[in-house]
2 protein chains.
Amino acid sequence: MSTPSAQTSLRQSPAPEHARKRLVDAALDLFGRYSFDGVSTRTLARQARVNLAAIQYYFGSKEGLYLAVARHIDQRIGSQVRPVLAEVETALAARNPSRDVCFAMMCRLLEVMIGTTLGSIDSKKWVGIFMREQMEPSAAFDILFEGVMRPMHRCMCRLAGRILDVDPEAAETKIRVYAIMGQLVMFHISRAAVTRTLGWQGFQSEEVASIRAVLLQNMRALLGMEDARST
Amino acid sequence: MSTPSAQTSLRQSPAPEHARKRLVDAALDLFGRYSFDGVSTRTLARQARVNLAAIQYYFGSKEGLYLAVARHIDQRIGSQVRPVLAEVETALAARNPSRDVCFAMMCRLLEVMIGTTLGSIDSKKWVGIFMREQMEPSAAFDILFEGVMRPMHRCMCRLAGRILDVDPEAAETKIRVYAIMGQLVMFHISRAAVTRTLGWQGFQSEEVASIRAVLLQNMRALLGMEDARST
DNA sequence: GTCTATAGTCGGATAGAC
DNA sequence: GTCTATCCGACTATAGAC
């Protein structure tokens with residue numbers, strides 16, 4: 001839309017030459033909702049409003065398109081997450097942050113995770129792909145795991161290590177951090193169950209706020225930070 | 001095997017007339033690993049060592065087989081879970097159990113969940129179906145949700161309500177219980193990530209014990225039961 | 001770069017013999 | 001109840017015009 005590539009008047013194709021981008025967008029949506037096997041190349045091409053042959057032309061195969069989507073997710077989410085992680089790592093390396101500061105950073109990471117997932121409108125698309133890769137890893141798993149999940153987990157382990165005064169590399173620490181992350185993951189995985197149980201229509205800002213409040217409260221409890229808490 | 005239906009000698013088919021059961025077993029395994037769309041009827045028939053037409057004959061369609069699998073899971077898991085839930089409900093209704101007793105029952109429910117999932121050998125099969133239905137509900141979701149998940153969640157909410165002295169029907173209580181459940185769900189969903197991070201080969205009894213220990217510890221923290229805890 | 005047409009394969013389902 | 005053979009639609013991928 002920003003590049004006026006065609007001087008001719010209106011064509012049939014709404015966005016000239018951006019077939020590649022439109023394919024990735026459509027694939028992100030459709031793969032996220034219905035899984036790789038659940039979407040046909042015809043459906044992808046139709047939703048992207050490109051020709052069927054464009055998938056082979058740009059990505060070599062349906063699987064190539066899927067991997068392009070994984071890289072897209074990694075870039076999109078990574079660009080939001082990695083700066084924050086770098087900040088925390090710097091703080092951990094340079095200074096010797098106090099327990100309270102580490103806890104604050106831990107909460108910040110949780111906020112980032114909530115913000116990029118539950119809080120984001122288009123999160124439902126990539127979260128579906130992300131979760132499915134967790135359950136049934138393909139070549140895309142490495143991209144997503146190494147790019148986003150492992151750095152986040154490692155960073156949280158270091159913070160938890162300082163807060164709890166335990167070895168961040170210990171198996172128990174890693175498990176505890178996974179358990180913490182699991183609380184958030186639950187609301188993605190079991191979205192249908194949660195909304196049905198609570199009579200929600202979906203995850204609007206109010207519902208997300210309720211979840212965030214519980215998760216922050218739980219973070220405090222799980223890291224032994226509760227000094228004078230009311231329940 | 002128990003019904004000697006054929007008086008003839010050994011046939012090609014290893015189990016006479018139990019085509020139906022073998023199809024459900026194969027479908028449980030294959031659907032659990034590869035999802036509904038990821039498995040063809042030919043693959044199903046081959047693994048079940050039945051004829052291709054048997055799927056239509058016994059279940060009407062591939063989808064019919066899938067629903068039969070969902071009912072099978074509901075029966076199989078329900079038979080283990082529902083008696084415990086009934087026990088807890090009875091205890092809650094009849095007596096007025098103390099906080100400690102409620103906490104013990106809460107831990108018991110967690111143990112049941114771990115035992116039927118992480119602790120069970122063939123759990124990986126049905127857990128995959130269960131989780132996929134959570135993400136992408138189909139007609140099978142109602143069977144699994146109403147049969148197993150909702151009763152479990154409701155029961156845990158009642159216990160949590162007494163332990164925390166809050167309304168078991170309150171949205172916050174429901175969310176807190178979902179968060180608790182999420183800790184366990186995480187280790188199913190992110191099995192690949194967890195094993196890779198921890199250098200595990202899978203979830204053997206030792207690994208499950210590590211997870212159980214953390215989850216029980218967290219349960220204590222999340223329900224405010226920590227009187228004199230070290231960490 | 002974009003399109004049509006089609007190759008070649010595999011999918012779920014069915015008919016009808018036994 | 002079980003099997004073979006087959007229909008027919010849908011699939012991914014490709015060839016080649018423009």
Side-chain angles (χ1 to χ4, degrees), chain A residues 1-27 30-31 33-70 138-140, chain B residues 1-27 30-31 33-70 138-140:
Chain A
M1 295 212 284
S2 54
T3 53
S5 61
Q7 295 168 324
T8 56
S9 58
L10 287 174
R11 294 258 189 92
Q12 285 183 347
S13 47
E17 212 271 308
H18 284 48
R20 189 186 180 93
K21 180 181 181 339
R22 287 221 305 280
L23 265 174
V24 171
D25 285 344
L30 290 168
F31 285 147
R33 278 194 285 173
Y34 307 114
S35 88
F36 182 81
D37 293 314
V39 185
S40 70
T41 51
R42 287 170 214 283
T43 305
L44 287 163
R46 196 184 322 125
Q47 175 151 333
R49 287 166 304 169
V50 301
N51 195 272
L52 180 57
I55 293 172
Q56 271 69 30
Y57 181 77
Y58 285 107
F59 304 99
S61 66
K62 182 188 179 184
E63 199 179 340
L65 172 55
Y66 183 74
L67 287 176
V69 169
S138 76
Chain B
M1 293 213 287
S2 55
T3 52
S5 60
Q7 294 168 327
T8 56
S9 59
L10 287 174
R11 295 260 189 93
Q12 285 182 347
S13 48
E17 212 274 309
H18 283 48
R20 189 186 181 93
K21 180 181 180 340
R22 288 219 305 281
L23 264 173
V24 171
D25 285 343
L30 291 168
F31 285 147
R33 277 194 287 172
Y34 306 115
S35 87
F36 183 81
D37 294 315
V39 184
S40 69
T41 52
R42 286 168 165 80
T43 305
L44 286 163
R46 198 185 321 126
Q47 175 152 332
R49 287 167 304 170
V50 301
N51 194 272
L52 180 57
I55 294 173
Q56 270 69 30
Y57 181 78
Y58 285 107
F59 304 99
S61 67
K62 182 187 179 185
E63 200 178 340
L65 172 55
Y66 183 73
L67 286 176
V69 169
S138 76

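All of these numbers come straight from a predicted model, not from anything done at the bench. Note on naming: letters A, B, ... go to the chains in the order of the sequence lines (proteins, then strands), and numbering restarts at 1 for each one.
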Legend entry - Minimum side-chain heavy-atom gap B:Phe59-B:Val24 below 4.5 Å: yes
Legend entry - Pairwise side-chain contact, A:Arg20 with A:Leu23, heavy-atom cut-off 4.5 Å (strictly under): no
Inset, instruction - Output yes when at least one side-chain N/O atom of A:Asn51 is less than 4.0 Å from OP1 or OP2 of C:dT4, else no. - result: yes
Inset, instruction - Measure the shortest side-chain to side-chain distance between A:Tyr66 and A:Ser138 over non-hydrogen atoms and say whether it is less than 4.5 angstrom. - result: yes
Inset, instruction - Would you mind reading off the distance between B:Leu44 atom CG and C:dA13 atom C1', rounded to a whole angstrom? - result: 14 Å
Legend entry - A:His18 NE2 - C:dG1 P separation (whole Å): 11 Å
Legend entry - Beyond-backbone contact of B:Tyr58 with B:Lys21, side-chain heavy atoms, under 4.5 angstrom: no
Inset, instruction - Mind calculating the distance between NZ (A:Lys21) and C1' (C:dG1) to the nearest angstrom? - result: 19 Å
Inset, instruction - For B:Asp37 and C:dC10, give me the distance from atom CG to atom C1', rounded to whole Å. - result: 15 Å
Inset, instruction - Measure from CG on B:Leu23 to C1' on C:dG12 and round the result to the nearest Å. - result: 14 Å
Inset, instruction - For nucleotides 11-18 of chain D, just jot down a letter per nucleotide in 5' to 3' order: B, S or -, based on protein non-hydrogen atoms under 4.0 Å. - result: BBBB----
Legend entry - Sole residue of B:Asp37, B:Thr43, B:Thr41 in side chain to side chain contact (heavy atoms under 4.5 Å, CB included) with B:Val39: B:Thr43
Inset, instruction - Could you pull out the closest heavy-atom pair between B:Ala26 and B:Gln47, with the gap in Å? - result: CB-CG, 3.8 Å
